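Since the model is a prediction, treat every value here as computed from it, not as a measurement.
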Amino acid sequence: MRTTRTTILLFTLTVGTVCADDKISAPDFSRYQQTMHFQEIIQVQTNAAWQLGQRTNILAITVFDHGSDRVVTEYFISQNGKGISWRNVPAWAHQPGKKIKQSLSDSEMKKLQSAIEELPAKNDAPPLERLLIVSFQSGTNWITRAYDRQALPRPMLDICEVADLGIETKNQK
């Protein structure tokens with residue numbers, strides 16, 4: 001009986017360790033200058049209630065133009081395939097953003113969802129001018145990842161292509 005309990009306990013600890021190692025934590029944005037605008041941008045990007053409830057987005061991407069949090073381009077794609085982007089300039093305006101496909105077909109939405117599901121579970125911490133933050137719906141969860149625009153993973157490049165995003169990467173310069 002004692003051997004059985006010990007075996008069960010060891011098995012439980014092993015499974016728990018494997019599961020914990022498989023999980024990825026949210027990106028650590030603490031290494032960036034914590035201005036009020038930067039914090040607001042991160043709050044919008046990571047706010048599941050706003051993204052999934054109020055806006056019904058399945059994808060949100062933020063790029064810091066010119067290496068500053070003073071000019072930020074945000075891209076959003078909703079559950080019905082509508083794409084919008086805006087350029088956020090604090091204390092001044094929200095302007096129409098860079099290029100994005102305004103309406104995705106059913107087949108494009110399937111490609112987009114497939115690329116989202118293939119995004120690697122890692123987080124980079126490049127300089128702000130190369131930081132790309134992507135958040136997406138996974139089941140009922142809102143997941144956030146951070147990537148280096150000079151080394152975007154293939155699924156992220158696929159997302160940029162399907163949604164016709166005007167995001168500059170090292171391959172597009």
Side-chain donor or acceptor of [X] paired with backbone N/O of [Y] under 3.5 Å:
| X | Y | result |
| --- | --- | --- |
| N47 | A49 | yes |
| E74 | N88 | no |
| Y147 | P120 | yes |
| R31 | P126 | yes |

Walk me through it: do R149 and V63 pass the test side-chain contact (heavy atoms from CB on, under 4.5 Å)? CA-CA 9 Å; R149 285 193 299 170; V63 175; 3.0 Å; yes

How about [X] and [Y]: do any of their side-chain heavy atoms sit closer than 4.5 Å?
| X | Y | result |
| --- | --- | --- |
| E117 | Q113 | yes |
| F136 | I58 | no |
| D69 | Q33 | no |
| T62 | L132 | no |
| V134 | T144 | no |

Could you work out, with side chain to side chain contact (heavy atoms under 4.5 Å, CB included) as the rule, every residue matching Q39, not counting sequence neighbours?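 Testing Q39 for side chain to side chain contact (heavy atoms under 4.5 Å, CB included), a comparison that skips the adjacent residues, returns Q34.
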
Restricting to side chain to side chain contact (heavy atoms under 4.5 Å, CB included), what partner residues turn up for R55, sequence neighbours left out?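 Residues passing side chain to side chain contact (heavy atoms under 4.5 Å, CB included) with R55: W50, N57, I84, W86.
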
Taking atom types as modelled, find out whether S105 and E108 have a side-chain donor-acceptor pair closer than 3.5 angstrom.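 The answer is yes; a qualifying pair exists.
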
Taking atom types as modelled, find out whether T56 and Q79 have a side-chain donor-acceptor pair closer than 3.5 angstrom.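 Side chains of T56 and Q79: no pair found under 3.5 Å.
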
Residues which pass side-chain hydrogen bond (donor to acceptor under 3.5 Å, both in side chains) with [X], listed by chain and number, not counting sequence neighbours:
| X | result |
| --- | --- |
| T46 | none |
| D124 | none |
| N80 | S78 |
| Q137 | none |

Restricting to non-hydrogen atoms, name the atom on [X] and the atom on [Y] that form the minimum distance, rounded to 0.1 Å.
| X | Y | value |
| --- | --- | --- |
| Q51 | V44 | NE2-O, 2.8 Å |
| Q45 | S135 | NE2-OG, 2.9 Å |
| A26 | N123 | C-ND2, 3.9 Å |

Kindly list each side-chain donor-acceptor pair under 3.5 angstrom involving residues 152-162, sequence neighbours excluded, with atom names and distances?
| residue | atom | partner | partner atom | Å |
| --- | --- | --- | --- | --- |
| R154 | NE | D158 | OD1 | 3.0 |
| R154 | NH2 | D158 | OD1 | 3.0 |

Hydrophobic clusters join Ile, Leu, Val, Met, Phe, Trp and Tyr when side-chain heavy atoms are under 4.5 Å apart, directly or via other members; which others share one with M36?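 Grouped by the 4.5 Å side-chain rule, M36 forms a cluster of one, so the answer is none.
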
Mind checking who shares a hydrophobic cluster with Y32, ILVMFWY linked at side-chain heavy-atom distances under 4.5 Å?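 Its cluster mates, by chain and number, are F29, F38, I41, I42, F64, V72, L128, L131, I133.
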
Gap between atom CG of D164 and atom OG of S85 - 0.5 Å precision: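 That separation rounds to 10.5 Å.
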
Going only through I, L, V, M, F, W and Y residues with side-chain contacts under 4.5 Å, is there a path from I61 to W142?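 No: no chain of side-chain contacts under 4.5 Å links I61 to W142.
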
Enumerate the residue pairs fulfilling salt bridge (charged side-chain N to carboxylate O under 4.0 Å, His left out) with a member in residues 128-143, sequence neighbours excluded, ordered by first and then second residue.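 The answer is R130-D148.
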
